[in-house]
Structure formats: structure tokens, C-alpha cells
Amino acid sequence: MNTQPGLLIRDGMIIAPAGPTVADLAIEDGRFARLGKGLELDEGKVIEAAGLVVAPGAIDPHVHLDLLTFSGQTSSDDFAGGTAAALWGGVTTIGDFAYPAPGQRLVEALRQRRKLAKKGALTDFFLHVAILESPPDLEEQIVECWEEGARTFKVHMNDNRCGPEFLDRVCRRVARLGGLLLVHAEQGREIENNRQKLLAEGRLSVQSLPRSVPPELEAGAIRQVLAIAENHGTRIYVVHLSSRLGLEEIRKAKSRKIDVAAEVCIQHLLLNEEAYNLPGAHYIACFPPLRTDADREALWEGLADGSIDTVATDHCPFLCSQKDLGKDDFTKLAMGIAGVETMVPILWSEGRRRGLSYERLAELSSTASARIFGFYPAKGAIQPGAVADLFIYNPERRFKIDWKKLHMNCDFSPYQGLEIVGFPELTIKGGKVWEGSK
Ligand SMILES: [Zn+2]
């Protein structure tokens with residue numbers, strides 16, 4: 001007896017682990033059941049998918065929903081709204097972060113965040129625990145989180161408190177547990193010095209943002225953390241890699257067989273620092289800053305040659321009214337932009353234009369994250385037995401990005417007017433068609 005009505009997707013081009021194949025795909029009890037020609041269902045619904053592409057549900061391992069940031073502003077998408085927007089865009093799983101309040105035990109932060117996420121999330125979710133402080137019992141606190149199911153931790157090297165001794169403690173403990181350490185790789189002391197200089201010169205408009213964190217600081221931080229991680233055998237995941245120099249460090253480390261993965265975010269693939277000279281530039285301010293076109297091109301090469309493993313968004317939207325509060329001083333500006341809903345449309349459209357195959361795109365938007373974060377083969381690929389998360393992609397549909405037509409709680413888009421070819425028209429999560437896309 002099936003507990004959930006089945007689904008049959010007929011004649012779609014399935015992006016399966018063995019390669020793309022035009023076939024039928026049967027879903028039963030929320031899982032992929034069979035893949036083949038001329039399949040039938042005893043009961044359930046048939047979706048005709050001739051001419052369409054069927055891809056594994058996307059995973060965005062890097063979002064910040066309902067997050068109170070240092071600017072005093074809370075990101076404008078909550079778990080319900082942000083994950084609904086995700087589903088509109090073919091994303092069926094998100095990774096969010098538990099940030100402890102000052103002095104709060106890590107495990108408390110994790111529990112609180114989990115409760116909040118559980119209440120609202122329409123997608124599946126997993127949580128990374130951010131470690132910001134170094135109390136004497138830090139190691140025990142990490143273990144407590146592990147016992148509560150956390151498998152991933154994050155450090156912010158852009159924060160002054162994240163020195164070599166702290167990194168050493170975290171790397172050692174996370175390695176012993178067999179966990180994964182996410183790293184925001186930018187050297188905090190140098191950022192602080194640069195900010196002081198800019199402050200003294202009275203140059204705190206958003207145009208100065210790239211000068212405060214030049215790419216050398218990203219490369220330097222990656223070198224620093226990887227040297228420590230290598231000592232302990234810690235698995236490292238560099239979030240939002242943004243520069244050619246940073247990428248070179250990743251390549252060097254990979255060639256030396258260091259266990260490192262790198263993530264790139266859509267904004268660094270699409271936009272460049274010239275955007276800071278346009279009116280309303282503060283609306284698109286995020287960390288790391290946008291870089292040059294040479295950096296952007298290097299990141300695309302990294303995606304094509306496998307040096308970069310995953311694509312994410314760092315989705316952290318704010319309304320214009322929230323951004324306006326820090327308009328003239330980037331040190332007070334709410335940093336972050338919306339992206340979870342447009343990740344697949346933009347990556348897939350731009351990626352295809354640049355010659356990336358559907359397999360590579362599915363790898364970047366789903367399979368690689370499933371592997372790195374430990375969900376594969378239950379997630380991240382269309383194969384019998386896996387959770388039936390997918391999106392059906394119409395490769396011909398043309399769409400112009402317009403924030404008014406999107407579902408993220410944000411009243412601007414950094415990609416306003418961008419022409420997209422191909423769109424995730426229908427999302428299925430756990431074998432159920434997402435209501436919004438029906
Ligand atoms: Zn982030």
C-alpha cells in the first residue's frame with residue numbers, strides 16, 4: 001500500500017547520475033521508484049515532460065533567514081517566506097546558520113534556530129553552527145552540538161576575534177569529530193585597519209567597500225586556515241569565494257590533496273564592482289564585495305574545471321528602507337542581498353550560455369552539496385531510493401528578472417532586467433508538487 005499518491009513524469013530528459021536520458025520517472029511514497037521507458041502507475045498523477053529537463057532538487061547550502069545582523073537589521077525573509085521563494089526557484093533544501101548571542105552556549109543557539117526553522121520551513125533544512133567566541137570550554141560546546149546532530153560549523157575570519165589560536169582549537173576539535181568547517185575567509189585585522197584608514201579619510205560610502213577588503217585578504221585567509229587545517233586533517237569548506245587570487249589558493253591546496261571545497265555565490269558570478277558606482281549601489285552591498293570582471297571570469301573557469309565545488313546564494317535580503325539606514329556609511333549598512341529564488345534560473349541560464357552541461361549544472365546546484373554535507377545518495381540525485389526532490393526545467397522559456405514578480409520579501413533585485421533563458425517551472429519536494437508552481 002502506498003501512503004502517498006504516486007507521480008509519473010513522462011518523457012522528460014532526466015539528469016541522472018549515469019547521464020541525461022529521455023525516460024519516464026516514477027515516484028512512490030515520496031521517493032524515486034523507477035526510471036525507464038513506458039512506465040505505468042497504478043494510481044496517481046501523470047506529468048507530461050516532453051521537451052523538458054528533470055533535475056535533482058537544488059540545494060542552497062548558504063542562506064540567512066530571519067537573521068538579526070550586526071547592522072541591527074533583521075533579514076527580511078523568514079523561514080516560511082524564504083523557503084517558499086526557494087521552492088519557486090527549484091530549491092528543495094537549504095542550509096542556514098545558528099548564530100549564538102554573546103555568551104550564549106552554542107548548543108542553545110542551535111536548539112533555538114532549529115525550533116524556528118522547524119516551525120516555518122517548507123523545504124528541508126540543515127544548520128551550521130557559527131563559532132564566534134572562544135570560551136574555555138569551547139571544545140565541550142562543539143561536542144554538545146555534535147551530540148545534538150550538528151555536523152557543520154562555521155568560523156568568521158573577518159571577525160577580529162578569530163585569531164590563529166582560536167582557529168587551531170576549532171580545527172582540531174571539528175577534525176576529531178569528523179565534521180566540516182565552513183570558513184568565511186577574509187583577514188579581520190587587515191579589514192579593521194583598512195576601515196580605520198577609510199574612516200580617517202572620510203570615505204565610507206559603498207564605493208569604498210572593495211578597498212576595505214581587497215582580494216589579497218581573501219587569499220591570505222584561505223592560506224592561513226588551510227595551513228592550520230592541514231595540521232589537524234580538518235575538512236574545510238570555503239564559503240562565497242569571490243576572487244581569482246582566492247581561487248588560486250584553492251587550486252594549490254587541491255593539487256596538494258588538502259581536503260577543501262569551495263563555494264561561489266551567484267552575485268560574484270554575475271556582477272562586478274562597477275555596480276558600486278551606479279545609483280542605489282548600497283542596495284546591492286554584500287560581503288565579500290563584488291570584484292572585477294577578471295575575477296568573475298576566473299570564477300566561471302573554476303566552475304567549469306572543478307576547482308569550485310558548489311554554487312550558493314548567501315541569501316540575506318533586506319528591504320530598501322532597511323538598506324537606506326546605512327546608505328552613507330558601509331560599516332553600518334545591512335549587508336546582504338536576496339538570491340535563493342533566482343539561483344537556479346540564473347546559474348542554469350548563464351551556465352548553459354557558457355557551455356556548462358546539464359550534468360555539471362545539476363552537480364553544482366545539487367549533487368555536490370549533497371555529497372559535501374552528507375546527504376548523498378539519499379538526496380542530490382535522481383536515482384531509485386532517493387528522496388523525490390526535483391525541478392522540471394523548461395529550457396526554452398524566456399524570463400526577465402523583475403523583483404515584483406519574485407516571491408522573496410525584497411523590493412529590489414540586483415539582477416533587475418536580466419534576461420534569463422530557461423526556467424524551473426515546477427518543483428516537487430518529497431514526491432509532492434509544490435503548490436505554488438502548480
Ligand atoms: Zn553568509
Side-chain angles (χ1 to χ4, degrees), residues 58-79 82-83 85-86 91 93-100 109-110 113 116-117 123 125-132 150 152-159 161-162 170 180-188 191 209 212-213 217-218 221-222 225 236-243 246 261-271 284-291 299 308-318 322-323 326 330 333-343 369 372-373 408 410 414:
I59 299 173
D60 184 349
H62 189 164
V63 305
H64 301 284
L65 301 172
D66 205 349
L67 177 70
L68 174 62
T69 61
F70 291 114
S71 62
Q73 299 299 310
T74 298
S75 60
S76 56
D77 259 329
D78 61 12
F79 273 92
T83 54
V91 173
T93 303
I94 55 143
D96 193 277
F97 295 77
Y99 277 91
L110 174 62
R113 196 73 182 156
L116 189 70
T123 58
F125 69 87
F126 55 110
L127 296 175
H128 319 290
V129 178
I131 308 175
L132 305 175
T152 47
F153 299 86
K154 183 190 189 189
V155 289
H156 274 265
M157 295 179 76
N158 57 326
D159 183 326
R161 294 170 290 181
C162 184
V170 175
L180 177 70
L181 186 62
L182 282 63
V183 180
H184 179 134
E186 289 178 321
Q187 292 170 306
I191 296 174
L209 190 56
S212 72
V213 198
L217 300 194
E218 181 172 78
I222 294 172
V225 72
I236 298 289
Y237 178 91
V238 174
V239 296
H240 51 48
L241 182 76
S242 69
S243 67
E263 164 196 285
V264 68
C265 292
I266 295 290
Q267 55 271 29
H268 297 113
L269 292 170
L270 264 288
L271 306 172
I284 59 164
C286 58
F287 282 130
L290 304 172
R291 306 282 186 203
L299 296 174
I308 296 175
D309 300 85
T310 63
V311 175
T313 64
D314 204 357
H315 177 79
C316 188
F318 296 96
Q322 294 177 290
K323 287 273 194 183
F330 74 81
L333 185 56
M335 287 290 178
I337 51 172
V340 71
E341 185 177 2
T342 45
M343 176 175 95
S369 286
I372 290 166
F373 295 99
M408 300 178 283
C410 194

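For clarity, every value in this text was computed on a predicted model and none was experimentally measured. In each ligand, atom 1 is the first atom listed, and ligand 1 is the first ligand listed. Atom set for the values below is all heavy atoms of this structure, side chains included, hydrogens, waters and symmetry mates excluded.
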> What orientation do Y99 and F97 show, parallel under 30°, tilted 30 to 60°, or perpendicular over 60°?
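Aromatic pair Y99/F97 classed tilted.
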> Is there a donor-acceptor pair under 3.5 Å between the side chain of T152 and the backbone N or O of L180?
no
> Counting only protein atoms, how many N/O/S atoms are less than 2.8 Å away from the Zn ion (ligand 1)?
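Counting protein N, O and S atoms closer than 2.8 Å to the Zn ion (ligand 1) gives 3.
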> For this output row, return yes or no: ring centroids of H62 and Y237 closer than 6.0 angstrom.
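Not under 6.0 Å, so no.
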> Can a donor-acceptor pair be found between the side chains of S243 and R291 at a distance below 3.5 Å?
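The criterion, which ignores hydrogens and geometry beyond distance, is not satisfied for R291 and S243.
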> Tell me whether the rings of H268 and H240 are parallel (<30°), tilted (30 to 60°) or perpendicular (>60°).
perpendicular
> Look up atom OG1 in T123 and atom CG in D60, then write down how far apart they are to the nearest 0.5 Å.
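It is 9.5 Å, given to the nearest 0.5 Å.
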